[in-house]
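Both backbone and side-chain heavy atoms feed into the values below; hydrogens, waters and symmetry mates do not. Throughout, a chain's letter reflects where its sequence line sits, starting with A, and its residues are numbered from 1.
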Amino acid sequence: MSTDTTSGSAQSQPRKAGAFDIRNIIGALMGVYGVILALAGLLGEHEPAKTGDVNANLWTGLALLAVAVFFLGWAKLKPIVVPPDFDRPDDDPTRPAPQRKRPPAH
Amino acid sequence: MSDTLIDANWLDYLLVAIYFGFVLGIGVMARRSVSDSIDFFLSGRSLPAWVTGLAFISANLGAVEIMGMSANGAEIGMPTVHYFWVGAVPAMLFLGVVMMPFYYGSKVRSVPEFMFRRFGTGAHLVNAISFAVAQLLIAGVNLALLAGIVHALLGWPIWIALVVAGAIVLSYITLGGLSAAIYNEVLQFFVIVASLLPLTLIGLHRVGGWDGLTDKITAAADGAPADAAVAPASQQLESWPGQALSGFDSPLLSVIGIVFGLGFVLSFGYWTTNFVEVQRAMASDSISAARKTPIIGAFPKMFVPFIVIVPGMISAVLVQEMVDLKSGGSPAGGASGEGVAYNDALLLLMRDVLPNGLLGLAIAGLLAAFMAGMAANISAFNTVFSYDLWQRYIRKDHSDDYYLRIGRLATIAATVIAIFTARIAMGYDNVMDYLQTLFGFFNAPLFATFILGMFWKRMTPTAGWVGLVAGTLAAIAVDRLAAAGVIDLPGQGAAFLAAATAFVVDIVLSIVVSLVTKPKPASELRGLVYSETPREDRTDPDEASMPWWRRTAPLAGIALAMVIVLNVAF
């Protein structure tokens, strides 16, 4: 593991949370799942014996796409603004994981 | 039929892989600081209450909820809802309204830390040891369920599945799965709901709707042989008085047992002292948001039983192995490879009902829940072992690196120990019985000591540890008496009785001991005891200016009213 240090200093201007807004992440995952399931429902085998003649993959896929649109739209309409300075998370010594590659925040 | 329990194909594995790609990807980006936004979402005390509320629910939507509640639903039916509508929801409201100001205000990071500040060394040591042991035992439950899925998917022997599952959790932790905690938890919530909701709906469709389910449960209960000890249909379909759950013959005793044992002692104890969950609330941006976290969480929580208990009930009438099991047979197979158990209710229903694709979504959700659940247990154990026990009592004043090393060793040791505690968990046909027994040992006395210590400033440090030790011993004694057959309570009644006994013994002894020992001076109790904490430390001055639907008390009132309606309706 290298010890290079990328700059972690805060921006001076408040900015929108952008792609990593948690709602966009939810929207992305649900959207990907929605597309895959809907395609599986349209193209794949139906397995009507299991589901009692309902195309469960297709319907679930469509519902997930609706959820995805909701979250992406919400994030778009009301962006969360990241304040210029906030308490950055430190490496939590109690959570064993690789260290953050960042100089001390101060 | 193939030789594995679940027949997954490439599509299912693709969906599982996408999930882990998301979760580990965010973890890696978090550690590299590629984006301010990630830091912002992971930083302390800056999140909107709906995010922390979902994370709060999700941190608990693991082994206990999914497998335990569906197993219970399959075995005894509707009375299981008491875990939600008498247990969890009122306890979460209590946590938000009453307890949270102390936690948020005092900024403690763990239960033992609170114990140390309120009662000093004795209670701290006792609590740290019992907390560490509890985490190892509960990690075993999560590991057992994870291994069950590995076994069901791949058909490997259970010992190998346990070791593989342990390795999966260890690599999840070392790859940094915990670095992106709040993202993971929120995603996990959506994936689980997205798989369990279709499972429930298709299951209901297959049995002919709610009426079909009722008819089938009635027919099964009437037709079951007497020695199978199946609860009558009327008890399986109505939540009250819940004799099937408590094991009491008398309806009155049953209601008292559920309200006091399950509701007050076990659930209040679990939710108010469980820092794995409480910490989620502490990540919110104000004392008001911290208090609203469990209250907002209570709204989705109310409806979780419909997607975990109902599938269990469907499984018990739709899946052939479960039908056989419930009418007194002992069908072979199951996730443990050692015969079907109630714990398998959900997995078997997934096998019978979900097409490939949805099946993968469900597997991703379950793997994520058990893995994150066990990782949280291990991490909590690690904290308490390294800092509360090792640093404070064994090796003081070493370098930070030294304690990090100890922490890594503790992580590996805890995973290995969990493989063995998982074997204990597997000895239980219904994992819920085991979990409630553990909560009775560990959470019930803790809750008694907390609540007394918070509202009675006279309670002394000596009383703190004496109460905890005596309460735990009392619960163990009741459990052993029940195991020996002296107390005869089927279901989870013995666990409720053990919890209630522990609570009463703890309170009585604490009061007696407090009266003959010396209390701490009142000046040291600010922020820890109700009467010594000024009002402005407990409330958020901004809250009065918010609209009513963003204030703590009205929200809690609505949640309470809704849960009462649910109790009456079912």
- Pairs of heavy atoms under 4.5 Å with chain A: top-ranked of B:V191, B:N356, B:L201: B:N356
- Minimal non-hydrogen separation, B:R206 against A:K50, with atom names: NH1-O, 2.5 Å
- Query: Relative to chain A, which segment of B:A364 carries a heavy atom at a distance below 4.5 Å: side chain, backbone, both, or neither?
  - Reply: side chain
- Can you tell which part of B:L361 gets under 4.5 Å to a heavy atom of chain A, answering side chain, backbone, both or neither? side chain
- Query: Checking heavy atoms, do the side chain of B:L11, its backbone, both or neither come under 4.5 Å from chain A?
  - Reply: side chain
- Query: Does any heavy atom of chain B fall under 4.5 Å from the side chain of A:A28, the backbone, both, or neither of them?
  - Reply: both
- Can you say whether the rings of B:W50 and A:F71 are parallel (under 30°), tilted (30 to 60°) or perpendicular (over 60°)? tilted
- Measure A:L29 against the heavy atoms of chain B and call it side chain, backbone, both or neither at under 4.5 Å. both
- Task: Would you mind checking which part of B:F189 comes under 4.5 Å of any heavy atom in chain A, side chain (CB onward), backbone (N, CA, C, O), both or neither?
- Result: neither
- Message: Using a 6.0 Å cut-off, check whether atom CH2 of A:W59 has over 12 heavy atoms from anything other than its own residue.
- Response: no
- Task: Take A:I26 and B:V186 through the test side chain to side chain contact (heavy atoms under 4.5 Å, CB included) and record every step on the way to the result.
- Result: CA-CA 8 Å; A:I26 297 169; B:V186 174; 3.4 Å; yes
- Task: Name the region of B:F22, side chain, backbone, both or neither, that has any atom closer than 4.5 Å to a heavy atom of chain A.
- Result: side chain
- Quick one: OH on A:Y33 to CG on B:L358, what's the gap to the nearest 0.5 Å? 11.5 Å
- Engaged part of A:I36 at the chain B interface, taking heavy atoms whose separation is under 4.5 Å: side chain
- Item | Considering all heavy atoms, the nearest A:T60-B:A194 contact | CG2-O, 4.0 Å
- Item | chain B contact via A:L64 - side chain, backbone, both or neither, heavy atoms under 4.5 Å | side chain
